[in-house]
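Keep in mind that what you see is a predicted model, and the values were worked out from it rather than measured. Throughout, a chain's letter reflects where its sequence line sits, starting with A, and its residues are numbered from 1. Keep in mind that the numbers below use all heavy atoms, side chains included, and drop hydrogens, waters and symmetry copies.
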Protein chains: 2
Amino acid sequence: MPTISAEDYLKHILKLQEGEERVSTSALATSLSLADASVTEMLKKLAARGLVRYQPYQGVTLTEKGRGIAVRTLRRHRLWELFLVRHLGYSWDQIHEEAERLEHVTSEALETALDRALGSPQFDPHGDPIPSAEGRVHGGASSALAALRPGAVAKIRRVADVDPELLRHADRLGIVPEASLEVRERLDFDGSLRVRVAGGDRFLSAEVARHIFVELVEERSG
Amino acid sequence: MPTISAEDYLKHILKLQEGEERVSTSALATSLSLADASVTEMLKKLAARGLVRYQPYQGVTLTEKGRGIAVRTLRRHRLWELFLVRHLGYSWDQIHEEAERLEHVTSEALETALDRALGSPQFDPHGDPIPSAEGRVHGGASSALAALRPGAVAKIRRVADVDPELLRHADRLGIVPEASLEVRERLDFDGSLRVRVAGGDRFLSAEVARHIFVELVEERSG
DNA sequence: AGGTATTTTTAGGCAGGGCTAAAAACAATG
DNA sequence: CATTGTTTTTAGCCCTGCCTAAAAATACCT
Ligand SMILES: [Mn+2]
Ligand SMILES: [Mn+2]
Ligand SMILES: [Mn+2]
Ligand SMILES: [Mn+2]
């Protein structure tokens, strides 16, 4: 059985691995808010357990076994997030911390029960894909709202779960997965946007727009 | 914040404390399935944190602070047990182990959400009282079914959650909290009983009857 | 290439929890 | 009351994870 620490390490490696080929010790340490030296130590242990491939000074990658645990942990995290919203009255800005702990005490039976209660959902409340029980991750291609130009019509796919405040802000603006949106104006000097969403015009800073991911529907040149 | 270990120690001390005035190191060690020496060490640490009163060779008792944590942990355990049955399709013999882990990762917000989803329940699926949010434990006086004599009519209050197999067995016999029962016959040589419950006659070993607790309704002399 | 910067690893510690074996304290008994 | 038996504590270790400071590799730049 993997420990709580091991599950968190593997989950973070999985995320950092997206795109990049190898994950550096320091990137992982930053991501986990731990000292570099602590991460070096742990990587040696994870490698000994066959969960990662680790070469001193060369960073790490997940083995199949390690990826399996990482994906399963991510699945549990996202199932819990959705369950908290749907069945326990939570809002999407309060769920991350809870799921961060619940994911580590979820048996296969409980995972199955959550999945059934939710009707085998595909996405969590932030629009992040929930891996299947077999470990397949339904990676939907989406682009950052910050990259769209005026006239673009898009469907919101997900809002990055990086900070509760961002989520509350997005929510107040009507920016939630599945909503439709049109970019009305873009201020070149700071990259901020005016968008039409839920029947009203809203202003977004570039920083906020960078954390919202959409699927382009139509690129009307405004 | 108390650790998982500390919460389990305090919970076990709370249970062992019922009736007895002080809890011995060895009783606690047995209850926790740990070596006596490990428990001695831990008791010194819990005492240092002000959670128990501990005098070498004299056993332990909970301080108010320690009792608070123990009762809160017990409340979370029992709320989870009921939640798993009511909302996630679990049966009462599968919930203890899950709750044993979930109880330690339950924030006050989550505890409140569970309580609300369940309508501030008084009892868990085994009939054990769920402490109130303020820490009051609704101790219902009940007696062991094993002690009843033929002719006694009683209402089942709880079934001890000591072993999944006992729970499955009781369930098949229709022995669940709130059910009514009448003792028909008692074999003196081994203490086993024949009882009428849910419209049928059932036989129970003395050992099983010792784990079923009832409230006497009427003592018809048979 | 040579020297400076930046990573990364090693060394040495610490806290939390656990174990076994040996010593010490308490209890019981003739 | 002295001896035997039962608890309980102490001593000495182990493992997991984390930290800081120092050393060693790797990268970068002139
Ligand atoms: Mn986590
Ligand atoms: Mn999420
Ligand atoms: Mn527990
Ligand atoms: Mn119970």
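B/F213 carries B/R158 over the face of its six-membered ring, with the cationic atom under 6.0 Å from the centre and within 45° of the normal.
Taking the charged nitrogens against the carboxylate oxygens, A/E41 and A/K44 do have a contact shorter than 4.0 Å, which makes a salt bridge.
Taking 4.0 angstrom as the limit, B/Y54 places none of its side-chain polar atoms (N or O) nearer than this to OP1 or OP2 of D/dT8. Under 4.0 angstrom from either OP1 or OP2 of C/dG18 there lies at least one side-chain N or O belonging to B/S5. Taking 4.0 angstrom as the limit, A/T3 places a side-chain polar atom (N or O) nearer than this to OP1 or OP2 of D/dG17. Of the side-chain N and O atoms in B/S26, none sit less than 4.0 angstrom from OP1 or OP2 of D/dT7.
The side chain of B/T25 sits closest to D/dT9 out of C/dC19, D/dT9, C/dT8. For B/D36, taking side-chain heavy atoms from C-beta onward, the closest of the listed nucleotides C/dT9, D/dT8, D/dG17 is D/dT8. Nearest nucleotide to the side chain of A/S38, out of D/dT9, C/dC19, D/dC19: D/dC19.
Under 3.5 Å, the side chains of B/H126 and B/E81 contain a donor-acceptor pair of N or O atoms. No hydrogens or angles considered: nothing links the side chains of A/R22 and A/T61 as a donor-acceptor pair under 3.5 Å.
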Could you list all N or O pairs between the protein and nucleotides 21-28 of chain C that sit under 3.5 Å apart?
| from | atom 1 | to | atom 2 | distance (Å) |
| --- | --- | --- | --- | --- |
| C/dA25 | O4' | B/Y57 | OH | 3.2 |

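Distance B/D8 CG to C/dG17 P: 11 Å, rounded to the nearest Å. Note: CG (B/L32) to C1' (C/dG18) measures 12 Å, nearest angstrom. Taking atom CG of A/L34 as the reference point, atom P of D/dT16 lies 17 Å away to the nearest angstrom. Remark: P of C/dG18 and CD1 of B/I4 are 11 Å apart, rounded to the nearest angstrom.
In terms of the ring-ring contact (aromatic ring centres under 6.0 Å, His included) criterion, residue partners of A/H96 (sequence neighbours excluded) are, by chain and number, A/H77.
Around the CZ atom of A/R168, the shell of radius 6.0 Å holds more than 12 heavy atoms that belong to other residues, nucleotides or ligands. B/R149 CZ: 12 or fewer foreign heavy atoms inside a 6.0 Å radius.
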Please evaluate residues B/D115 and B/S120 with respect to the criterion side chain to side chain donor-acceptor pair (under 3.5 Å), reporting the C-alpha separation (whole Å), side-chain torsions for both, the decisive distance (0.1 Å), and the verdict. CA-CA 5 Å; B/D115 185 65; B/S120 296; 2.9 Å; yes
Run A/S107 and B/E98 through side chain to side chain donor-acceptor pair (under 3.5 Å) and show every step you take. CA-CA 8 Å; A/S107 66; B/E98 301 279 12; 2.5 Å; yes
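Within residues 41-52 of chain A, the residues having any heavy atom under 4.0 Å from DNA chain D are, by residue number, A/M42, A/K45, A/R49.
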